[in-house]
Protein chains: 2
Amino acid sequence: MQTQGANHGAPLDLVFHALSDATRRGMVERLSRGPASVSELAEPFAMSLPAVVQHLAVLEASGLVRSEKVGRVRTCRMDEKALSAAEHWINERKRLWAWRLDRLGEFLETQEAAAKRGKRKK
Amino acid sequence: MQTQGANHGAPLDLVFHALSDATRRGMVERLSRGPASVSELAEPFAMSLPAVVQHLAVLEASGLVRSEKVGRVRTCRMDEKALSAAEHWINERKRLWAWRLDRLGEFLETQEAAAKRGKRKK
DNA sequence: TCATTACTTAAGTAACGACCTAAGTAACTG
DNA sequence: CAGTTACTTAGGTCGTTACTTAAGTAATGA
């Protein structure tokens, strides 16, 4: 229950993989401003619709995006939970790293103090 | 100067791609506890050394890890700057999304209030 | 100096990813 | 009911990724 947390079936692999492509990040950027149809999502990109839909599938598989079809229009929206999962992993690494540096700092200070005392003593 | 920020040559593509593999995330986890040699890094994984070194190369290309060789030992350490860049992108998306939801909430409240006034008026 | 250790280089393979075009289908529109 | 719109499906290409084994090289310890 540490690395696997509350993922409804979308491990970090999929989230980070989804975010590793500029087109997909662009789509997430668009969706963070509000829902959009597939063609609206596709519009800024110089690629075929099927390619866009494939990117969309990757985003959905990762849990970053959900979509539903009404009539002939599929509306996509962001789901920030997957984003939070990724953020959380990153933060844990940064936290541990910072903690370690702090401890190292403490240790060095102690050493320094000890060295000073040693000098005086001698 | 927006998406390219203060990356010394490692765009988000590389960072997210590096993090999309469980082995590499494991290596970052290990390194967030402190520096390690290549063989130390390789130890928990059931794969050949060259494979581990390839993963390491991906991590270095992304800026997540730096390493230097002294004698015959290469020592690897985490560099949290790349991690921060990824975190920053994620946070910006979350921020925009939350902001939008707030605005939407406000709008709905206004509508509701307007509806009530309308009712009374009628 | 000779064996070990700690990587490094090279070369190959099988699977995957990011596209494409062409040909659907299903829902509106006139 | 014919045409347009908004996707969807199918199939193919080509580059990349995640490994592998085999054969280096360069530092070090006995």
Side-chain angles (χ1 to χ4, degrees), chain A residues 9-31 34-77 82 86, chain B residues 3 9-31 34-78 82 86:
Chain A
L12 284 179
D13 286 51
L14 298 182
V15 178
F16 284 126
H17 172 241
L19 293 178
S20 73
D21 182 277
T23 301
R24 284 189 298 258
R25 281 199 309 281
M27 291 165 83
V28 170
E29 274 172 40
R30 168 63 189 80
L31 291 177
S37 72
V38 173
S39 355
E40 276 165 3
L41 265 186
E43 189 266 328
F45 302 107
M47 69 179 66
S48 68
L49 230 219
V52 168
V53 173
Q54 261 179 297
H55 282 303
L56 193 53
V58 172
L59 288 168
E60 291 207 48
S62 76
L64 285 163
V65 168
R66 279 172 303 111
S67 79
E68 49 175 347
K69 198 167 182 176
V70 174
R72 59 185 170 177
V73 177
R74 175 171 298 277
T75 302
C76 312
R77 63 191 71 242
Chain B
T3 46
L12 283 180
D13 286 51
L14 297 182
V15 178
F16 283 126
H17 171 241
L19 293 177
S20 74
D21 182 278
T23 301
R24 285 189 298 260
R25 280 199 309 282
M27 291 165 82
V28 171
E29 274 172 40
R30 167 64 189 79
L31 290 177
S37 73
V38 173
S39 356
E40 276 165 2
L41 263 187
E43 190 266 328
F45 302 108
M47 69 179 66
S48 68
L49 228 221
V52 168
V53 174
Q54 264 180 296
H55 281 303
L56 192 53
V58 172
L59 287 169
E60 290 208 50
S62 76
L64 284 164
V65 168
R66 280 171 304 111
S67 78
E68 51 176 347
K69 197 167 182 176
V70 174
R72 59 184 169 179
V73 177
R74 176 171 296 279
T75 302
C76 312
R77 63 191 71 242
M78 206 179 89

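Protein chains get the first letters and strands the later ones, always in sequence-line order, with residue 1 at the start of each.
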Please report the shortest heavy-atom distance between L41(B) and P44(B), naming the atom on each side. O-CD, 3.2 Å
Under 3.5 Å, side chain of E40(B) to main-chain N/O of S37(B), donor-acceptor pair present? yes
Taking atom types as they are modelled, is there a donor-acceptor pair under 3.5 Å from the base of dA6(D) to the side chain of R72(A)? no
In whole angstroms, the gap separating P of dA18(D) from CG of L56(B) amounts to 13 Å
Is the closest side-chain heavy-atom distance between L31(A) and C76(A) below 4.5 Å? yes
Looking only at non-hydrogen atoms, find the nearest pair between A86(B) and V15(B) and report the distance. CB-CG1, 3.9 Å
Using atom CG of L49(B) as one end and atom P of dT25(D) as the other, report the distance to the nearest whole Å. 18 Å
Heavy atoms under 4.0 Å, any strand shown: does A51(B) hit a base, just sugar-phosphate, or nothing? base
On DNA chain D, does the nearest nucleotide to V53(A) precede the nearest nucleotide to V70(B) from the 5' side, or the other way round? Give the residue. V53(A)
Quick one: are V65(B) and M27(B) in side-chain contact, heavy atoms under 4.5 Å? no
Under 3.5 Å donor-acceptor, R25(B) side chain and L19(B) backbone: yes
Interface limits on DNA chain C, where chain B has a heavy atom under 4.0 Å of a nucleotide atom: dT4(C) to dT9(C)
Under 3.5 Å: donor-acceptor pair, side chain of R24(B), backbone of H17(B): yes
Rounded to whole Å, how long is the line connecting atom CD of E68(A) with atom P of dA6(D)? 18 Å
Whole-Å distance separating the CZ atom of R74(B) from the P atom of dT28(D): 14 Å
Is any side-chain heavy atom of R74(B) closer than 4.5 Å to one of E68(B)? no
So does A57(A) get a backbone contact from the side chain of E60(A), meaning a donor-acceptor N/O pair under 3.5 Å? no
Any chance you could list the contact pattern along nucleotides 11-16 of chain D? Use B for base contacts, S for sugar-phosphate-only contacts and - for none, protein heavy atoms under 4.0 Å, 5' to 3'. ------
Rounded interatomic separation in angstrom, taking NZ from K69(A) and P from dA6(D): 12 Å
With a non-hydrogen cut-off below 4.0 angstrom, is S48(A) in contact with a base, only sugar-phosphate, or nothing? base
